[in-house]
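Let me begin by presenting the structure, written as structure tokens, before commenting on it.
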Number of protein chains: 2
Amino acid sequence: MDLTTKLTAAAERLFDRHGFMATGMDRLTEAAGMSSRTLYKNAGSKAALMARVLTQRDRRFMARLEVQTVDALFAALEDWVRVEGCRGCLFLRSRAETGGDTPEIAEAVAAHKEAFHRRVGEVVATDLGCEDPVLAEQVLVLFEGATHAAVYRGAQTVSAAKAAAAILLERARS
Amino acid sequence: MDLTTKLTAAAERLFDRHGFMATGMDRLTEAAGMSSRTLYKNAGSKAALMARVLTQRDRRFMARLEVQTVDALFAALEDWVRVEGCRGCLFLRSRAETGGDTPEIAEAVAAHKEAFHRRVGEVVATDLGCEDPVLAEQVLVLFEGATHAAVYRGAQTVSAAKAAAAILLERARS
DNA sequence: ACCAATGTAAAACGATCGTTTTACATTGCA
DNA sequence: TGCAATGTAAAACGATCGTTTTACATTGGT
């Protein structure tokens, strides 16, 4: 496996499980199996590494949301939490931990959330047959809520959100 | 104003705006207007101060949720974000930043989320006339989703969540 | 065979972390 | 009047932070 890939994967895991600020560079070098010299050659700085983790996660996450129906959207989330666990949204967490003061991170978060918002709108439009910004906003809320409620209520919460979205969609159809 | 109260209030503000880990004790002493000696006499440790901030926030937040209807529940959230802004759930954030490794914090978070879950169930039962755990879970998801989506979508999101909850409630009634 | 690139191991950088201590000022009550 | 409590200001604690540097090993290409 490529050095960059290994580092990014190890960093994502540590940031996600223990927090961004609480994860020191020594722990990263150990987990990535490389010297700090190589790490800095590769990542530049901790903030740059955080931003790269977010960019890569955005790709992995958004790839799963290439679906046509709202039901499939929540099914994708069910898959995600089964594989990745539920520790909340890493993007919002990174922004909160840095207070929005790190530009590279704030930009990565903004880009992801904008793409996510657009995707939800597209899926709702495809499923419904026409655009419905209000319904899209509600589906987005359910998705975000499932992500965060699952932290303490468990993965079952995603099913509850899926059912709720189905009701809203059905009502919008008639 | 009491020293303890002033410290807790200043700490809550800094933790919320800049993150728990990113907020150092020197910034806390300065914001609270007291020496580090007095701060430690009063709070014991940073972890204890974090736990106390969460306990006090739980009281302030839950006091606002003493309502009878689901609509009032989301109206209370609208008021909250208008006054306190929208930076996500401070409880989940504290847990994520510490990786769940600090017992006093993990317990404060668990206690709050359990109380919150119970309260939502009560409000739904009161509004509906009978218990409905499934609907309660969906309302909880909408509430949590509004809290977190509002971080990047703005306060309008809470209204969208409120409308969605009304639809689900209406459907459950018939 | 050799140079340049790329890696490791480990020490060191100054800064900042959470916390304790020292020395001193102010206060309220017996 | 005087003691005990409670506060401030500031230095100091060792640890750890993110980052750079020094010294050396391994490799691949011409």
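All values reported here derive from a predicted model rather than from experimental measurement. In what follows, chains carry the letters A, B, and so on, assigned in the order in which the sequence lines appear, proteins first and then strands, with residues in each chain numbered from 1.
With a 3.5 Å limit on both pairing distances and Watson-Crick or G-U wobble geometry required, the stems of 3 or more pairs in DNA chain C span C:2-29 with D:2-29.
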| request: Take A:V109 and A:I105 through the side chain to side chain contact (heavy atoms under 4.5 Å, CB included) test and state the conclusion after the steps. | output: CA-CA 6 Å; A:V109 173; A:I105 294 171; 4.3 Å; yes

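For the pair A:R153/B:E144, no side-chain contact is recorded, criterion being any heavy-atom separation below 4.5 Å from C-beta on.
A salt bridge links A:D79 and A:R82; the closest N-O separation between the charged side-chain nitrogens and carboxylate oxygens is under 4.0 Å. A salt bridge links B:E114 with B:R118: the distance from a Lys NZ or Arg NE/NH1/NH2 to an Asp or Glu carboxylate oxygen falls below 4.0 Å.
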| request: Summarise protein proximity over nucleotides 4-18 of chain D in one line of letters, 5' to 3': B for base, S for sugar-phosphate only, - for none, counting protein heavy atoms closer than 4.0 Å. | output: ---BBBB------SS

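Taking the centre of each ring, A:F143 and A:F116 come in below the 6.0 Å mark.
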Distance-only check: which donor-acceptor pairs under 3.5 Å involve side-chain atoms of residues 43-54 of chain B, not counting sequence neighbours?
{"unit_1": "B:S45", "atom_1": "OG", "unit_2": "B:A48", "atom_2": "N", "d": "3.2"}
{"unit_1": "B:K46", "atom_1": "NZ", "unit_2": "B:F20", "atom_2": "O", "d": "3.1"}
{"unit_1": "B:K46", "atom_1": "NZ", "unit_2": "B:T23", "atom_2": "O", "d": "2.9"}
{"unit_1": "B:R52", "atom_1": "NE", "unit_2": "B:T8", "atom_2": "OG1", "d": "3.4"}
{"unit_1": "B:R52", "atom_1": "NH1", "unit_2": "B:N42", "atom_2": "O", "d": "3.2"}
{"unit_1": "B:R52", "atom_1": "NH1", "unit_2": "B:N42", "atom_2": "OD1", "d": "3.3"}
{"unit_1": "B:R52", "atom_1": "NH2", "unit_2": "B:T8", "atom_2": "OG1", "d": "3.2"}
{"unit_1": "B:R52", "atom_1": "NH2", "unit_2": "B:N42", "atom_2": "OD1", "d": "3.2"}

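When every heavy atom of A:V81 is checked against every heavy atom of A:A155, the shortest pair comes out as CG2-CB, 4.1 Å.
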